Every structure is written in structure tokens, then in C-alpha cells.
Amino acid sequence: MNIKTEIGDIVLQYLNHQGKEKGLVFTEKDILINITPNDFVGDYTLVLFPFIKKLGVKPDELAEGIASELKSRLPSYHHHNLVKGFLNMELSPTFWSNSLQDILSNGSYGIQGTGSNGQSILIEYPSPNTNKPLHLGHLRNIFLGSSLANIMEANGYKVYRTCLYNDRGTNISKSMWAYQHAAKKVTPENSGRKGDHLVGDYYVRFSDLLKAEMKQLIDSGLTEEQAKKQSKLEKEIAELTVQWELKIPEVVELWKMMNGWFYEGVAVTYQRLGLSFDKEYYESEVYNRGRETVEEGLKKNIFYQKEDSSVWIDLTDVGLDQKLVLRSNGTTVYMTQDIALVYQKQKDFSFQRSVYVVGNEQEYHFKVLFEILKRLGLQGSEHLYHLSYGMVELPTGKMKSREGTVVDADDMIDEVIQIAKEKSNEQAKLAEVSDAEKENIYTQIGMGALRYFLLKVDPVKKMVYNPVESIDFNGNTAPFIQYTYARTQSLMRNAEAQKTEILGFEEAIKNYSPNLSESKLTRTLLEFPAIILEAGENYSPALVANYVYQVASEFSTFYHDHKVLKEEDVSARSFRFHLSQKVGKVIHDGLKLLCIETPERM
RNA sequence: GGUCCGGUAGCUCAGCUGGAUAGAGCAACAGAUUUCUAAUCUGUAGGUCAUAGGUUCGAAUCCUAUCCGGAUCACCA
């Protein structure tokens, strides 16, 4: 059991015993135990204020009461001090060495099967459009999704990764139109251009033409709205989309070919990102579905039909609007297919929870979707979650692919690996390493930096990507954390190479008590399981990121102030060695949850 | 206009289920290395936590109003 809950239980029993006469009942929620801030003496702090008032006792009386109770029931309890209403509790050095031993003996420390009850969870990401390559926003999406998947697995969930391709409709029609009207028909084969980029080139070309047309129309005195209606290009795109729906052979052929280019290209990017799915869904296969569900909803009076035979749902009672689910001509809308897809997924994987990793511009859509599913009585509808993340912006403004101010994902990855290479060469620490291994290390560092940069920030915040400042390699960054790990591994290598005498942990602690810096580090390591749990409950990789940084940071300070292998006292040396190895393990496992690799040297 | 989200140091952000003197990193300045890996460490400086009220023993955190920024409110996806 966790020491905090152990203390909490004892305190709770004591308080309830004291409060009996007054008819007071306290629960776990009333008890707040924090890590004692650095400026105060102690390990854990209990806030007494709420109880002082309710019990009508003096702070020091209560503190003494709790303390003596703890002292008699908790062998590892050592001292306490009371500052205002804060009871700072100090645990004995042996507690820390014993805890560390527990951590050491647990190979999968922090990774737990609890909290999930063997449930399964479905995570959908990044669900790109097939008309252009991935950009920086997709990277944020992918990093969030893959990391969340790992975190949920660490919490014992069976995780299914799925992806929905928006492979039809207006967007791909634009790329197709541009290809049809291009003077020179370029293919990935005859140009060497990566397929997804090539499709994107045509998309950009169309956007440029449309922009020019719009400008002309607006210059001639039309409003933007009027211009849109007048636009010849817009009409042709609508027409092309209809042709696709009518399955006109040459349109379908072209569509297949260009989507094929996209998938080929994006597969390369996926591979670099270590991305794979349990199942991929295609909008072209589901866009027409969902009518049965609408029928059913009509029977249950969840939906209603207007005179023009369009079908709606009224959500005004929960602060949402009326929403269309079936057009008057009987065709489906985005919402309808998303409803259908949920039922399909439930057939494919019976899941208890489902997470959609999608940008925050679709918050409204998912609110409506979840509400509809709830009314339709979908099982587990209370466990649908939209992991919403803020837009990635450039300093100049919102990132828009049609304006060409987009940061391409492939370019970004190349660039960050290149930076890693340059920085690494400045350091010149990899002399003994083979060239192939070097390249591998640059990739690990570069990708780590990129992943961490995007994951350490709370997803709800929009973020600005500044190409000039680029990715940090100093401070609160992956390379700093990776470097810390490399140092712990270096210790291991040196100990072996120099045949340093290292005692087993049990042997070492017989003659050694951890000092303040060591117990603090141990205390931080003890938080790891709780952090994983919390990250899972809150769908928040950022919690893990910031925690791992804290571990690395505290270790760096410790490492600077204390000798490890050069320590003469064999017990101290051994203790520190084991501590360092465990720090390395927690960093390794923590970063792994973020899909960040840990080079053995750098 | 309605709804939702954000506003914390010059910059990027933690902290937000209420708890002690609001924390990191970057940038600035001053130090520490013939490294158990200095991609490191230590220190200095930098704050009316957007503003104004309220609740509370206690508010960056909760409530209300206002200001600023963003998203969204299609028979688009």
C-alpha cells in the first residue's frame, strides 16, 4: 500500500474516533496529504485546519493526538513538527531504504493492472484527410494518441487503436480537380515525389486558383458570400463530388489512384512515428450508413421528422441546438455516419470506453454526438471522451494548409533530427559509436525533443510553434531527460568495466541511512504509480512528462553533489548505485509512456 | 448575439478536486569543470496570478460581472 493512503487511513480512523461524540463523520476526501514543500522540514504534510474547526480542539492538541497515534501504529513514523495548521511528518531513513528496495524488486514498477477492471478502451486518432500530407497539428494529435494508448495500457486497459480516413468529399475532390486540369500529369513514380505530398501539391494548386477567382469576384463588387455562390470552381467541385457518389468510373478510378498515393506516402510517415492501428475505417465505406439507427430513433421518438422529410433531434433542453441527422433528400450527414461508426466499432471490438483524439474545433460536434448516443441508449455512452487539443499556430497566425503557411510533418521530423545531429556533433561524445548507431541516436534525440515539446503542454492550450526558436534542447526537454538517463547507464557501464565493488541492496542498507537528498529522490520515485493512475484518469500525458522531468532534475542535483562510484564507503556507494539505476528505470519507463526512446549514451 | 475554452515572470509553460513565502525552463547577469557524461549544477534579478466584486479561517484555484484572445453555432466534413 501507498504510504500516503496508509497515513490517511490511520488519521481517518483517529478523527472519526474523536468526532464520534459530536456525531462527525469524516471520509477519505476530507484528508489532504501533500508532499512537504522544500522550505519546511518533513516528508508529508497533513492540513489540519478543517478538523480544528469542526472538532473544536486546539491545533497542537490535535497534532499531538494524530502524531502519537501514527507513532504507535506506523513503525516508519519518525518525527513531526507543527507550523500553523500544517502537520509536517517525517519518516525514518529506514522507511526510505525499504521503499526503495520494494521499488527495486518490482520489475514493472509503476505499471499496474488496477483501475481498469480489465476493461477495454478504443482510441481513435489521427483521422487525417487524404487530400494533403500530415502537418504539425497531426503530430500533436498522433503524439497525444499514442502516448495515451500507452498510459491506458499501463493502467491495465486493453487498448484498441483505430483511425478513420476522411477519404471522400469536397477536400479530395479539390485535389482531383486540380489533377484533371493539370497540363502535366505528375505521379509519384515519374517525379519521385512522396505520394501524400504530391496529392497535397494539387490541393494547394486548386486553392490558389480558387483564391484568385474569389479575389476577382470580390473586386468586381460582390460580398464574400455572394462570391462563393458565384464561384465556378466551387460548383465544379460540388459536381465532381456528386459524380463520385454516382460512381462514374473515371472519377472513381482517379479517386482510387490519388488516395493510393496518399496512403503510400503516409505509410512512410507512420513508420517513422511508430504508428500502427488495430483497424482503419474509411469514410467512403461508412458515409452512407446510419439510416437504420435514424429509423430506430424515430420510432423511439428521439428524432423527429419535418414536413420536407428531413430528420432532426432537439437538444435545446441541454443547451445545444436542433441538429439535422438526415437530409430531406434522404442522404446522411457527418453526424449520421459518426453515429453509425460507433455501432460498427462496438461490433468489431466490444469496448467499454472510447476516446476521440480530435482538435478543439470539433468540440461542439462531439458534445452533440455523445448526447445523441446517450439518448439512443448506447452502452457505455458515459465513457465516451473527446480528447480535445488546441490548434498549433505559427507566430503569423493560424495554420492553414491552403495558405501555404503550414509546417509539414515530414519536414519537421527531418529538421529536428538534423538539429539533434548538429548538437550532438558539437558535444563530440559519440566517438566510439558506429555510424549506424549514431544515426539511430540522433533520431532518438530529435524525435524525443519533438514529442516532448508537444506533449509537455496541457492539450487544451493552443500553442505557438516558432520555427526560428524551433525545438528546445535545454531545460525542460526530452534531451535533458535522456541525458540524465544516459548518465545513469554510464554509471552501470563504468561499474562493470572497473569492477567496482557494489553490494546488494539489502547488504548496503545495513550500514547506511539515506540522507536528505536521497530520501527526497526516493520519495519522488514513490509517486510514479500514482502519476500513471492520474494520467490515465485525466487522459493526460502531460502529467507523465512533467513528472519525468522532475525525476531527472532531482537526480541531476543529487548527482552533482554526491559521488557514486567514487564514494569510498562501500555501503553508501552501493546504495547510491542502486538508487541511480532505479532512477534510470523510472525515466526509461516514464519516457516510454510518451513514446520517447532512451539512448544508452549521448 | 448564444455556448465552450484560454489569459500566471520579458518569452514558453507547471500549479487549478481551495492550504504555508505562486514554481520550472528559456533569455539576462554572477559563479562552479584537467566531467563517476558541463546537453550539467549553484546563485542573483524578474509577479497587483487579466480586472472588479463575492464565498471562506484561508482564493491563482470556487461563484458573479467585466475586459482581451481563440473556437463554435451549415441540409460542409
Side-chain angles (χ1 to χ4, degrees), chain A residues 29 32 34 36-40 45 47-50 52-53 83-86 88 127 129 166 168-172 238 241 283 287 306 308 310-312 319-321 323-335 337-338 359-365 367-368 388 390-391 393 398 420 423-424 426-427 429-430 445 449 453 456-458 460-464 466 469 472-484 486-495 498 500 542-543 545-546 549-550 552-553 556-567 573 576-577 580 601-602:
Chain A
K29 282 182 183 163
L32 187 68
N34 291 323
T36 306
N38 280 335
D39 300 342
F40 299 90
T45 296
V47 184
L48 297 181
F49 292 107
I52 295 170
K53 203 173 175 193
V83 182
K84 295 186 206 166
F86 300 94
N88 299 322
S127 303
N129 294 342
N166 299 301
R168 62 161 285 276
T170 321
N171 286 328
I172 185 69
T241 308
E283 196 193 305
Y287 83 102
K306 285 193 181 171
D308 64 1
S310 59
V311 180
W312 297 72
L320 301 166
D321 302 297
K323 199 75 195 169
L324 177 91
V325 291
L326 210 61
R327 293 195 187 98
S328 49
N329 66 8
T331 54
T332 57
V333 289
Y334 182 40
M335 190 61 73
Q337 43 172 294
D338 249 3
N360 64 7
E361 69 274 8
Q362 293 204 37
E363 254 163 32
Y364 182 75
H365 170 76
K367 254 185 208 163
V368 172
S388 163
M391 192 89 51
E393 292 176 13
K398 185 178 162 178
K423 298 239 175 191
S424 186
E426 279 170 30
Q427 301 290 331
K429 287 182 181 177
L430 296 175
I445 296 172
F453 186 79
K456 73 175 172 189
V457 180
D458 184 333
V460 306
K461 299 211 175 180
K462 67 179 181 194
M463 56 187 304
V464 175
N466 188 329
E469 290 172 13
D472 272 336
F473 280 73
N474 293 313
N476 184 359
T477 65
F480 166 73
I481 300 167
Q482 289 170 320
Y483 176 70
T484 310
R487 299 215 280 188
T488 64
Q489 298 315 100
S490 168
L491 279 177
M492 179 123 81
R493 284 191 300 271
N494 289 341
Q498 295 155 16
T500 313
L543 288 176
N546 289 310
Y549 172 69
Q550 189 195 339
S553 177
S556 292
T557 304
F558 157 80
Y559 188 65
H560 185 266
D561 296 340
H562 298 85
K563 290 174 182 162
V564 180
L565 297 182
K566 286 187 175 173
E567 167 62 44
R573 183 203 309 149
R576 287 176 193 161
F577 177 79
S580 303
R601 59 184 86 213
M602 61 186 276

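Bear in mind that the values here come from a model prediction, so they are computed numbers and not experimental data. Each chain gets a letter, A, B and so on, in the order its sequence line appears, and its residues count up from 1.
In this structure, A/T45 reaches the bases: a heavy-atom distance under 4.0 Å links it to at least one base atom across the strands shown. Among the heavy atoms of the strands lying under 4.0 Å from A/Y364 are primed sugar atoms or P, OP1, OP2 only; no base atom is included. As judged by a 4.0 angstrom heavy-atom cut-off over every strand, A/V457 is placed among residues touching the sugar-phosphate backbone only. Residue contacts for A/S556: at a heavy-atom cut-off of 4.0 Å it reaches the sugar-phosphate backbone alone, with no base atom in range. Nucleic acid contact class of A/R493 (heavy atoms, under 4.0 Å, all strands): base. Using a 4.0 Å heavy-atom criterion, one finds that A/E363 contacts the sugar-phosphate atoms exclusively. Residue contacts shown for A/S310 include a base, since a base heavy atom lies under 4.0 Å away. Nucleic acid contact class of A/I445 (heavy atoms, under 4.0 Å, all strands): base. If you check every strand for non-hydrogen atoms under 4.0 Å, A/V564 touches a base. Across all strands, A/F86 comes closer than 4.0 Å to base atoms (heavy-atom distances). Using a 4.0 Å heavy-atom cutoff across all strands shown, A/T477 reaches no nucleic acid atom at all.
The aromatic rings of A/F49 and A/F86 lie perpendicular to each other, with more than 60° between the two planes, well past the 30° mark.
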Would A/Y483 and A/Q427 satisfy side chain to side chain donor-acceptor pair (under 3.5 Å), going step by step from the backbone distance to the final call? CA-CA 12 Å; A/Y483 176 70; A/Q427 301 290 331; over 6 Å; no
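Nearest heavy atoms, A/R327 versus A/T332: NH1-O, 3.0 Å. Among all heavy-atom pairs drawn from A/V325 and A/M335, the shortest one is CG1-CG, 4.5 Å. Annotation for A/N329 and A/T331: closest pair OD1-OG1, 2.6 Å, computed over non-hydrogen atoms.
Base pairing of B/U44: its partner is B/A28, meeting the Watson-Crick or G-U wobble criterion (both donor-acceptor distances under 3.5 Å). Look at B/G58: it lacks any Watson-Crick or wobble partner with both distances under 3.5 angstrom. With a cut-off of 3.5 Å on both pairing distances, the Watson-Crick or G-U wobble partner of B/G1 is B/C73. Figure legend. B/C13 is base-paired to B/G23; pairs are counted as Watson-Crick or G-U wobble with both atom distances under 3.5 Å. In this structure, B/A50 and B/U66 make a Watson-Crick or G-U wobble pair, each of the two defining distances being under 3.5 angstrom. Across all strands shown, B/C36 has no partner, as no Watson-Crick or G-U wobble contact with both distances under 3.5 Å is found. Across every strand in view, B/G18 sits unpaired, with no contact that passes the Watson-Crick or G-U test at under 3.5 angstrom.
Contact annotation: A/K84 side-chain N/O to B/U21 OP1/OP2 distance is under 4.0 Å. When the side-chain nitrogen and oxygen atoms of A/R487 are compared with OP1 and OP2 of B/C41, none of them lie within a distance under 4.0 Å.
Side-chain N or O atoms of A/R576 include one that pairs as donor or acceptor with a backbone N or O of A/K563 at under 3.5 Å.
Of the candidate nucleotides B/U21, B/G6, B/A14, B/U21 has the atom lying nearest to any side-chain atom of A/F40. The side chain of A/D321 approaches B/C73 more closely than any other nucleotide in the set B/C41, B/C73, B/C4. The side chain of A/E361 approaches B/U72 more closely than any other nucleotide in the set B/U72, B/U40, B/A20. When distances run from any side-chain atom of A/K53 to the nucleotides B/A77, B/G15, B/C57, the shortest one goes to B/C57.
Look at the P atom in both B/A27 and B/G69: the space between them is 31 Å, to the nearest Å. Annotation: B/A9 and B/U48 have their C1' atoms spaced 13 Å apart (nearest Å).
Lacking a ring centre under 5.5 Å from that of the base six-membered ring together with a plane angle below 30°, A/F49 does not count as stacked on B/G58.
A side-chain donor-acceptor contact under 3.5 Å links A/T45 and A/T36.
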